[in-house]
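Notes follow the structure.
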Amino acid sequence: MKARVHPLRQKLRGEDLRVPGDKSISHRALLFASLAEGESRIAGLAPGGDVRSTARCLAQLGVPLLRGDGTPWSAQPVPSRPAGSLPLPEHDPDMGPDDAIVFGVGLRGLRPPAESLDCGNSGTTMRLFTGVLAGAGVPATLIGDASLSRRPMERVAAPLRELGATVTTGEKGRPPVRVERGSMRPGSITSKVASAQLKSAVLLAGLFTEGETSFTEPLKSRDHTERMLRQMGVPVNVRGTTASLRGPARLQGVALEVPGDLSSAAFLLAAAIASGSVSLGHVGVNPTRAGFLDALSQLGARVELRLEEGASAQLEPTARLSVQQQSLRGSELPPDLVLRAIDEVPILAVLGALASGETVIRGAEELRVKESDRIAQMAQGLRAMGADVEELPDGLRIRGGRKLHGAEIDSAHDHRIALAFSVAALAADSPTTVSGAEWADVSFPGFYELLRKLGAEVELET
Ligand code: S3P
C-alpha cells in the first residue's frame with residue numbers, strides 16, 4: 001500500500017485521543033498470563049500484527065486464550081491444539097476485540113507445538129519465547145518474516161546456553177531459533193548490550209529453574225517484565241542494573257489494563273508540535289521507557305503531563321499528555337536518554353530536522369538491527385526530503401531548519417519508518433509518497449484514518 005501524505009493545509013486538532021495499547025506490555029501480559037495459574041483478563045491490548053503473533057504462538061503451545069469479542073486473533077488459522085489441552089474459557093460479552101481472556105496453563109503446562117512458531121515481524125515474540133521454551137524445556141522452532149529473519153538471535157541463545165539450555169540459531173546467528181528439550185540451571189548473566197528483550201528472556205527462563213537467576217546490563221532497559229512479574233506474585237529484586245529472581249516461581253492470574261503506547265503517541269505528539277495541538281489520555285509513561293518526553297524538553301518543547309490515578313497506574317504509570325505547535329532547538333541527546341527512547345529515534349530525527357540548529361543522537365547502534373537499519377533509513381529518507389543529515393556509526397547528526405520537500409520513501413518493512421516519514425511529510429512543502437505504508441499496522445493500525453480525522457490529507461493506494 002502507498003500513502004500519499006500532503007503538506008498540512010490546516011492545523012491538526014485532536015482532543016482526548018487514545019492510542020493503541022502498549023506493544024511491549026501487551027506481549028508480556030499474554031505470555032505471562034499463559035504461564036500463570038488461573039484465569040487472567042487483559043484489557044486494551046495492542047491491536048497490531050506483533051501481538052497477534054504472540055497470541056498465535058501461545059495458542060500453538062496449547063494455551064486457551066480468547067479475544068474479548070470471540071473473534072480469532074488473525075485471518076490465518078491457529079493450528080489445532082494438542083489433545084488434552086484445557087478447554088477454552090467462555091466468551092465474555094462485556095469484552096471487546098482488544099481485550100483477552102487467558103486461561104493460564106502454569107509453568108508446566110506448555111505443549112510442544114506441532115509446527116514452527118511463526119513470530120512474524122516481532123523480535124520481542126521471538127526473544128521472549130526463546131527464554132520461556134528453554135526454561136520450560138519445550139522443544140520448538142521459532143521462525144519469522146524476512147525482516148525478523150535478518151535480526152541477531154545469538155545474543156539471546158548464548159546466555160541461555162550458558163545456563164544449560166540447548167538453543168541453536170541459523171546462519172550468522174539469525175533465525176530460525178531451535179530450542180531442544182532439556183533443563184537449565186540458575187546463574188548470573190552479564191550482557192554487553194542493554195536490552196529488555198534479553199533481560200526478559202533470561203529472567204523468564206529463571207522462573208523455571210531452582211535457585212537465583214540474574215541479569216546485569218550496562219544501562220537499565222525498560223522494566224515492564226519486572227513490574228508485571230511482581231504484579232503476578234513473583235518477587236523480582238532490582239539493584240542498579242541487575243534484576244534477579246528465584247525459581248521455581250508461581251505466577252497468579254490477574255486482571256490488568258494495558259496503557260496506551262508512548263511509542264505510538266510519539267508520532268501524534270510530533271505531528272502536533274509541527275503544526276496543531278493534541279491531547280492523549282492513558283499513555284504509559286514508565287520512566288525506563290519515557291525518554292521521548294525528556295528528549296522533547298531537551299529540544300525546548302513544552303508538554304503538559306498530568307499523571308492519572310487508577311488500577312493500571314499500580315502496574316505502570318499513565319498520564320494525559322497535551323502539546324501544541326511550537327518551535328524546537330537542536331540538542332545533543334545523551335546515550336542514557338537515547339536508550340529510554342530507542343524506538344522513538346526515527347521520529348526524534350524528524351523533529352531534529354524541523355528544529356533550528358544541530359541535533360546529535362549517539363549511542364543508538366542497536367537501531368541498526370531493528371526491523372530495518374533505522375539509522376541508514378532515516379538518514380537516506382531525510383536527505384531525500386532535503387534535510388542535512390550525517391550518518392554516524394551509532395546515530396545521526398542533523399543540521400535542522402531546512403525546508404523539507406516531498407519525496408518517495410520506502411518503509412523498508414518497518415512500521416516506525418513508515419510512521420516517521422508520514423509525519424515528516426505533513427511538514428514538507430509538497431506531497432510525499434510512503435510505499436509499504438501497510439507496515440504501520442504492526443504497531444499503529446488505523447494511523448492514517450486517524451491523521452485524516454485530525455485534519456490531514458492522506459490518500460491510500462493499494
Ligand atoms: C522491547 C525492547 C526494546 C525495544 C523493542 C521492545 C521489549 O528492544 O526496542 O521495541 O518489549 O522488551 P531491545 O530489547 O532489543 O532493546
Side-chain angles (χ1 to χ4, degrees), residues 20-32 45-46 48-51 53-54 119-132 144 147-148 150-159 173-175 177 189 191-204 215-229 241 243 258-259 261-267 284 286 288-292 316 335-348 361 363-375 394 414-417 419-420 439 442-444:
D22 187 287
K23 196 154 73 71
S24 288
I25 297 173
S26 297
H27 286 297
R28 288 162 171 80
L30 287 178
L31 177 56
F32 300 2
L45 285 163
D50 276 10
V51 172
S53 297
T54 285
C119 304
N121 191 245
S122 174
T124 307
T125 306
M126 190 170 279
R127 296 194 177 122
L128 268 54
F129 274 70
T130 301
V132 167
S147 147
L148 182 53
R150 285 192 292 268
R151 298 182 63 184
M153 292 300 147
E154 260 310 299
R155 53 174 60 194
V156 64
R174 294 171 178 167
V177 175
I189 296 294
S191 169
K192 287 202 195 89
V193 232
S195 160
Q197 293 177 352
L198 265 189
K199 171 173 65 180
S200 302
V202 169
L203 292 178
L204 289 169
F215 181 87
T216 304
E217 54 190 343
L219 290 167
K220 187 173 161 148
S221 61
R222 60 187 69 190
D223 66 357
H224 304 307
T225 291
E226 296 89 311
R227 286 172 185 256
M228 198 178 294
L229 285 177
T241 61
V258 178
D261 200 326
L262 178 60
S263 298
S264 298
F267 296 104
N286 177 327
T288 60
R289 159 77 195 283
F292 178 69
E316 294 273 348
D336 62 318
L337 184 155
V338 171
L339 172 69
R340 293 186 300 108
I342 194 73
D343 293 340
E344 290 68 73
V345 168
I347 191 63
L348 281 170
I361 300 169
E365 58 274 21
E366 276 294 299
L367 288 186
R368 297 218 178 259
V369 290
K370 293 288 181 191
E371 285 83 332
S372 69
D373 177 342
R374 288 181 174 159
I375 295 178
D394 63 343
D414 187 333
H415 53 127
R416 302 209 199 277
I417 298 298
L419 293 160
W439 286 94
V442 162
S443 60
F444 206 151

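Order of listing sets the numbers, starting from 1, for every ligand and every atom in it. Any value given below was found using the heavy atoms of this structure, including those in side chains, with hydrogens, waters and symmetry copies removed.
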Check: Short question: side chain of Glu217, backbone of Thr241 - any donor-acceptor pair under 3.5 Å?
Finding: no
Margin query: As a quick check of understanding, evaluate salt bridge (charged side-chain N to carboxylate O under 4.0 Å, His left out) for Lys370 and Asp414, giving each step before the final call.
Written below: CA-CA 9 Å; Lys370 293 288 181 191; Asp414 187 333; over 6 Å; no
Next item on the list: Give yes or no for whether the N/O distance cutoff of 3.5 Å, strictly under, is met between Ser195 and ligand 1.
Entry: yes
Checklist line | Residue among Ser122, Ser147, Ser443 satisfying side chain to side chain contact (heavy atoms under 4.5 Å, CB included) with Glu371 | finding: Ser147
Check: Judging by distance only, is a nitrogen or oxygen of Ile342 under 3.5 angstrom from one on ligand 1?
Finding: no
Margin query: Using the side-chain hydrogen bond (donor to acceptor under 3.5 Å, both in side chains) definition, which of the options Arg127, Arg222, Arg28 pairs with Ser200?
Written below: Arg28
Checklist line | For ligand 1, the portion of Lys23 having any non-hydrogen atom under 4.0 Å away | finding: neither
Notebook entry, point to check: At under 4.0 Å between heavy atoms, which part of Arg28 makes contact with ligand 1: side chain, backbone, both or neither?
Noted result: side chain
Next item on the list: Return the option from Glu366, Lys370, Glu344, Arg127 holding the heavy atom at the smallest distance from atom 8 (O) of ligand 1.
Entry: Lys370
Notebook entry, point to check: For atom 1 (C) of ligand 1, what's the nearest protein heavy atom and its distance?
Noted result: Gln197 NE2, 3.6 Å
Next item on the list: State, to 0.1 Å, how close Ala420 and Phe267 come at their nearest heavy-atom pair, and which atoms those are.
Entry: N-CE2, 3.5 Å
Next item on the list: Please lay out, stage by stage, how Lys220 and Glu226 fare under the test salt bridge (charged side-chain N to carboxylate O under 4.0 Å, His left out).
Entry: CA-CA 12 Å; Lys220 187 173 161 148; Glu226 296 89 311; 5.4 Å; no
Item checked: Per-atom contacts of ligand 1 with Ala196, taking only distances under 4.0 Å to non-hydrogen atoms -> 12 (O), 14 (O)
Note to self: Please list the nearest protein heavy atom to atom 10 (O) of ligand 1 with its residue and the distance rounded to 0.1 Å.
What the structure shows: Asp343 OD2, 2.7 Å
Note to self: Counting only nitrogen or oxygen atoms and a 3.5 angstrom limit, does Ser24 reach ligand 1?
What the structure shows: yes
Next item on the list: With Arg289 as reference, evaluate Asp223, Asp261, Asp343 under the side-chain hydrogen bond (donor to acceptor under 3.5 Å, both in side chains) test and give the passing residue.
Entry: Asp261
